[in-house]
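On a predicted model such as this, the values are computed, not experimentally measured, just so you know.
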Amino acid sequence: MEFLKSMGFKGASLLAVYCGASAMSSCINEAGDPPAGTPGSGGVDFTLDLSDSANTKLLNVGSYLVVNKIVIARVSADAFAAVTQVCSHENKSKVIYKNDEFYCTEHGARYTLEGKGLNSEGKKGIKAYNAELAGTSLHVFA
């Protein structure tokens, strides 16, 4: 606000510029990187209890679950894969796990378990995360 005043803005024009800038900064862009420690950022770090009924889908090979805009898939009896749900093609939260790969339901972008693009829509790839199982605890982290 002080900066705007120093630029010569006063009264209603000061308020209009300040409020307009504030409103713009609150828009959500799924493509942007959120602050560290929030879902979708490089600071991803959470644990799921697979014995919790909310997470039991992950007990079955070939199933997946979306948590904090991260798609977590059980790819084998002892392995999991996790990627961002936000597709790199048009930045929409439409990525799922299907047929042993990650797939965007919006325009068909396809990704490997490591997030590498498999077709022209997915050529930019997507962020992949580590997923480690210890007992019934699945740790997902950057």
Side-chain angles (χ1 to χ4, degrees), residues 1-9 12-142:
M1 190 78 120
E2 292 303 315
F3 172 74
L4 294 174
K5 286 181 186 177
S6 72
M7 298 284 295
F9 288 99
S13 61
L14 175 63
L15 186 60
V17 170
Y18 179 75
C19 291
S22 294
M24 286 175 39
S25 67
S26 67
C27 293
I28 295 172
N29 177 0
E30 292 181 324
D33 289 330
T38 59
S41 75
V44 166
D45 190 349
F46 61 90
T47 301
L48 300 175
D49 180 358
L50 299 188
S51 65
D52 183 327
S53 62
N55 304 320
T56 56
K57 283 179 96 175
L58 291 176
L59 296 177
N60 303 313
V61 174
S63 294
Y64 73 95
L65 189 64
V66 177
V67 177
N68 299 330
K69 288 196 175 188
I70 297 174
V71 183
I72 306 152
R74 181 121 198 196
V75 298
S76 71
D78 57 358
F80 293 82
V83 299
T84 179
Q85 187 186 22
V86 180
C87 179
S88 62
H89 176 60
E90 288 193 357
N91 301 316
K92 297 190 179 194
S93 297
K94 301 285 186 165
V95 173
I96 65 168
Y97 177 72
K98 178 179 172 182
N99 299 329
D100 297 323
E101 65 187 29
F102 292 102
Y103 172 78
C104 178
T105 60
E106 188 74 16
H107 294 111
R110 295 174 45 230
Y111 306 96
T112 67
L113 299 179
E114 297 78 27
K116 296 188 187 319
L118 291 171
N119 61 4
S120 60
E121 289 82 4
K123 66 185 172 193
K124 294 178 189 174
I126 54 176
K127 174 75 175 161
Y129 300 96
N130 299 301
E132 294 179 356
L133 184 64
T136 61
S137 294
L138 179 64
H139 185 203
V140 179
F141 58 100

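- Listed by chain and number, the residues in a side-chain contact (heavy atoms from CB on, under 4.5 Å) with T56 are L59 (sequence neighbours excluded).
- Among all heavy-atom pairs drawn from G115 and A128, the shortest one is N-CB, 4.3 Å.
- Annotation: side chain of V83 is in contact with side chain of V95 (closest heavy-atom distance under 4.5 Å).
- Sorted by first and then second residue, the ring pair (Phe, Tyr, Trp, His ring centres under 6.0 Å) pairs with a member in residues 53-96 read H89-H107; sequence neighbours excluded.
- When every heavy atom of S93 is checked against every heavy atom of V86, the shortest pair comes out as OG-CG2, 3.6 Å.
- Looking at R74, its side chain never comes within 3.5 Å of a backbone N or O of G62 through a donor-acceptor pair.
- Contact between S63 and L58 at its shortest, heavy atoms only, is O-CD2, 4.1 Å.
- Here the closest heavy-atom approach between residue Y97 and residue A73 is recorded as CG-CB, 3.4 Å.
- For T47, the side-chain contact (heavy atoms from CB on, under 4.5 Å) criterion is met by S137, H139, not counting sequence neighbours.
- In this structure, N130 and V140 have side chains that are not in contact, with every pair of non-hydrogen atoms separated by 4.5 Å or more.
- Side-chain contact annotation: Y111 with S88, donor-acceptor N/O pair under 3.5 Å present.
- Counting only heavy atoms from C-beta outward, the side chains of I96 and V71 never approach each other to under 4.5 Å.
- Panel note: side chain N55, backbone L48; no donor-acceptor pair is recorded below 3.5 Å.
- In this structure N99 satisfies the side-chain contact (heavy atoms from CB on, under 4.5 Å) test with no other residue, sequence neighbours excluded.
- Checked by atom type and distance alone, the side chain of D52 pairs as donor or acceptor with a backbone atom of A54 at under 3.5 Å.
- Checked against salt bridge (Lys or Arg N to Asp or Glu O under 4.0 Å), E101 has the following partners two or more places apart in sequence or in another chain: R110.
- Considering only heavy atoms from C-beta on, I72 comes within 4.5 Å of V67 through its side chain.
- Taking the side-chain contact (heavy atoms from CB on, under 4.5 Å) definition, one finds that A81 meets it with V75, F102, L113, sequence neighbours left out.
- Here the OG1 atom belonging to T112 is positioned 8.0 Å from the CD1 atom belonging to I126, to the nearest 0.5 angstrom.
- Side chains of I70 and F46 form a contact here, defined as non-hydrogen atoms less than 4.5 Å apart.
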